[in-house]
2 protein chains.
Amino acid sequence: MVDYDEAIGFNTVKTGKHITRLLNSRLKPYNLTAEQWTVLKRLDQQGDSSQKRLAEASDKDQATLTKILDLLESHAFIERVKNPNDRRSFLVCLTPKGRELTKSIYTVIEEIFEQIVAGLSTEELSNYQDVLRKIIHNIQDIKD
Amino acid sequence: MVDYDEAIGFNTVKTGKHITRLLNSRLKPYNLTAEQWTVLKRLDQQGDSSQKRLAEASDKDQATLTKILDLLESHAFIERVKNPNDRRSFLVCLTPKGRELTKSIYTVIEEIFEQIVAGLSTEELSNYQDVLRKIIHNIQDIKD
DNA sequence: TAAATATAATTTGTGCACTAATTATTTTTA
DNA sequence: TAAAAATAATTAGTGCACAAATTATATTTA
């Protein structure tokens with residue numbers, strides 16, 4: 001009988017933690033953490049966004065995102081602009097400084113991941129992604 | 001060009017988070033969190049242990065474990081006993097209450113994971129585990 | 001159209017994860 | 001064997017994740 005709590009649960013969380021920690025150590029010289037990078041990346045990908053939309057895209061809750069944005073704003077990587085269409089919300093925008101930084105971090109991140117996936121075949125990684133997708137899907141089904 | 005930051009990094013962390021959140025919601029009636037369960041499970045598996053050994057076995061740092069143990073101790077699930085062989089350390093022990101709880105949680109956890117892995121073949125899950133193992137191994141090599 | 005309901009962002013409180021520093025104790029070095 | 005170095009556990013500080021509550025604003029209902 002396979003112990004999935006261990007094999008899937010603990011080990012997925014552990015792997016995620018170690019990836020995050022590695023990224024954090026490499027991003028430290030840029031005054032960035034892995035979580036903050038996720039937010040910058042989403043802003044770069046989808047353009048100026050409301051916080052709600054940003055939270056959804058980066059899989060973070062509103063409360064957590066507020067804190068992360070506060071930090072990014074304090075470093076002048078982003079700014080919050082009043083949303084002309086809805087006074088309850090802001091549009092979050094990359095500053096020129098933030099845009100410049102984001103561009104250079106793509107390279108840093110890419111190099112790290114080349115090391116992280118070294119020795120794994122395209123097929124192995126593709127299968128891995130399928131399983132991740134199915135697990136997330138299963139969890140969402142349980143919740144409904 | 002596959003974006004491994006997204007496909008592997010973000011999605012592994014996301015999946016881990018969602019598993020943890022699901023477990024937390026199911027363990028809440030027992031006054032337990034997923035992380036606390038990990039510690040109880042390790043104690044059950046390896047018997048009375050020093051904090052250092054427990055931290056290693058549960059992939060937590062000493063500081064974090066201290067806090068988790070404080071909570072478990074406050075609920076009388078565990079107790080810290082002076083280590084007769086080394087005055088710098090304690091032996092952490094399950095109380096009868098904690099042992100009883102641990103036994104019943106195994107069943108709860110097993111049912112959740114049956115749902116989490118539903119529809120995934122033994123082979124798929126086995127391959128998934130292999131990739132996790134290799135990623136962790138790669139990360140450890142990078143650190144050395 | 002006014003009232004009821006829902007929503008965006010923030011704050012508060014709690015539980016983790018991580019690093020650095022600290023104190024008492026043990027181990028190693030010279 | 002005394003001094004230096006290492007170690008176990010804890011504390012303090014910072015960054016997240018999550019749930020609940022709150023306030024101003026938008027949407028829906030009757």
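Naming: A, B, ... by sequence-line order, numbering from 1 per chain. Bear in mind the structure is a predicted one, so any value in this text is a computation, not a measurement.
Among the protein residues, B:D86 comes within range of the sugar-phosphate backbone only, with heavy atoms under 4.0 Å from sugar or phosphate atoms but none that close to a base. Residue contacts for A:L71: at a heavy-atom cut-off of 4.0 Å it reaches the sugar-phosphate backbone alone, with no base atom in range. Among the heavy atoms of the strands lying under 4.0 Å from A:K60 are primed sugar atoms or P, OP1, OP2 only; no base atom is included. Across all strands shown, A:R80 has heavy atoms under 4.0 Å from sugar-phosphate atoms exclusively, and none from any base.
Between the side chain of B:R88 and the base of D:dT7, at least one donor-acceptor pair of N or O atoms lies under 3.5 Å.
Enclosure of atom CD in B:E100 is not indicated, since only 12 or fewer non-hydrogen atoms of other residues, nucleotides or ligands lie within 6.0 angstrom.
Side chains of A:T102 and A:L43 form no contact here, defined as non-hydrogen atoms less than 4.5 Å apart. Looking only at side-chain heavy atoms (C-beta outward), B:D86 and B:K52 stay at 4.5 Å or farther from each other. For the pair B:W37/B:L23, no side-chain contact is recorded, criterion being any heavy-atom separation below 4.5 Å from C-beta on.
In this structure, B:N83 atom CG and C:dT26 atom C1' are separated by 12 Å, rounded to whole Å. The interatomic distance linking A:I68 (CD1) with C:dT10 (C1') rounds to 15 Å, in whole Å. In this entry the distance linking CD of B:Q62 with P of C:dT25 reads 17 Å, nearest Å. Atom C1' of nucleotide D:dC18 and atom CD1 of B:I19 are separated by 17 Å, given to the nearest angstrom. Between A:L23 atom CG and D:dC16 atom C1' the separation is 15 Å, expressed in whole Å. Atom-to-atom, CG of B:L32 to C1' of C:dT14 comes out at 15 Å; the value is rounded to the nearest Å. Whole-Å rounding puts the A:K14 NZ to C:dA17 P distance at 13 Å. Going from atom NZ of B:K82 over to atom P of C:dT26 covers 12 Å, rounded to whole Å.
Taking each heavy atom of A:T12 and A:I8 in turn, the nearest pair found is OG1-O, 2.6 Å.
Of all nucleotides listed (C:dA9, C:dA17, D:dT10), C:dA9 comes nearest to the side chain of A:K52. Comparing D:dC16, D:dT10, C:dC16 by their nearest atom to the side chain of B:E35 picks out C:dC16. Comparing D:dT25, C:dA9, D:dA8 by their nearest atom to the side chain of A:T66 picks out C:dA9. Side-chain atoms of B:K17 lie closest to D:dA17 of the nucleotides D:dA19, D:dT10, D:dA17. Taking every side-chain heavy atom of B:R21 into account, D:dC18 is the closest of D:dT10, D:dC18, C:dA17. Taking only side-chain atoms of B:R87, from C-beta outward, the nucleotide of C:dT25, C:dA9, D:dG15 with the closest atom is C:dT25. Residue B:Q36 has its side chain nearest to C:dG15 when only C:dG15, D:dA9, D:dA26 are considered. Closest to the side chain of B:D61, from the set D:dA19, C:dA17, D:dA12, is C:dA17. Closest to the side chain of A:T64, from the set C:dA9, C:dG15, D:dA17, is D:dA17.
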Assess whether side chain to side chain contact (heavy atoms under 4.5 Å, CB included) is satisfied between A:T33 and A:T20, documenting all intermediate values.
-> CA-CA 9 Å; A:T33 65; A:T20 297; over 6 Å; no
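Considering only side-chain N and O atoms, B:T33 lies under 4.0 angstrom from the phosphate OP1 or OP2 of C:dC16.
Along DNA chain C, the nucleotide nearest B:A63 and the nucleotide nearest A:S89 are compared for position; the residue whose nucleotide lies closer to the 5' end is A:S89.
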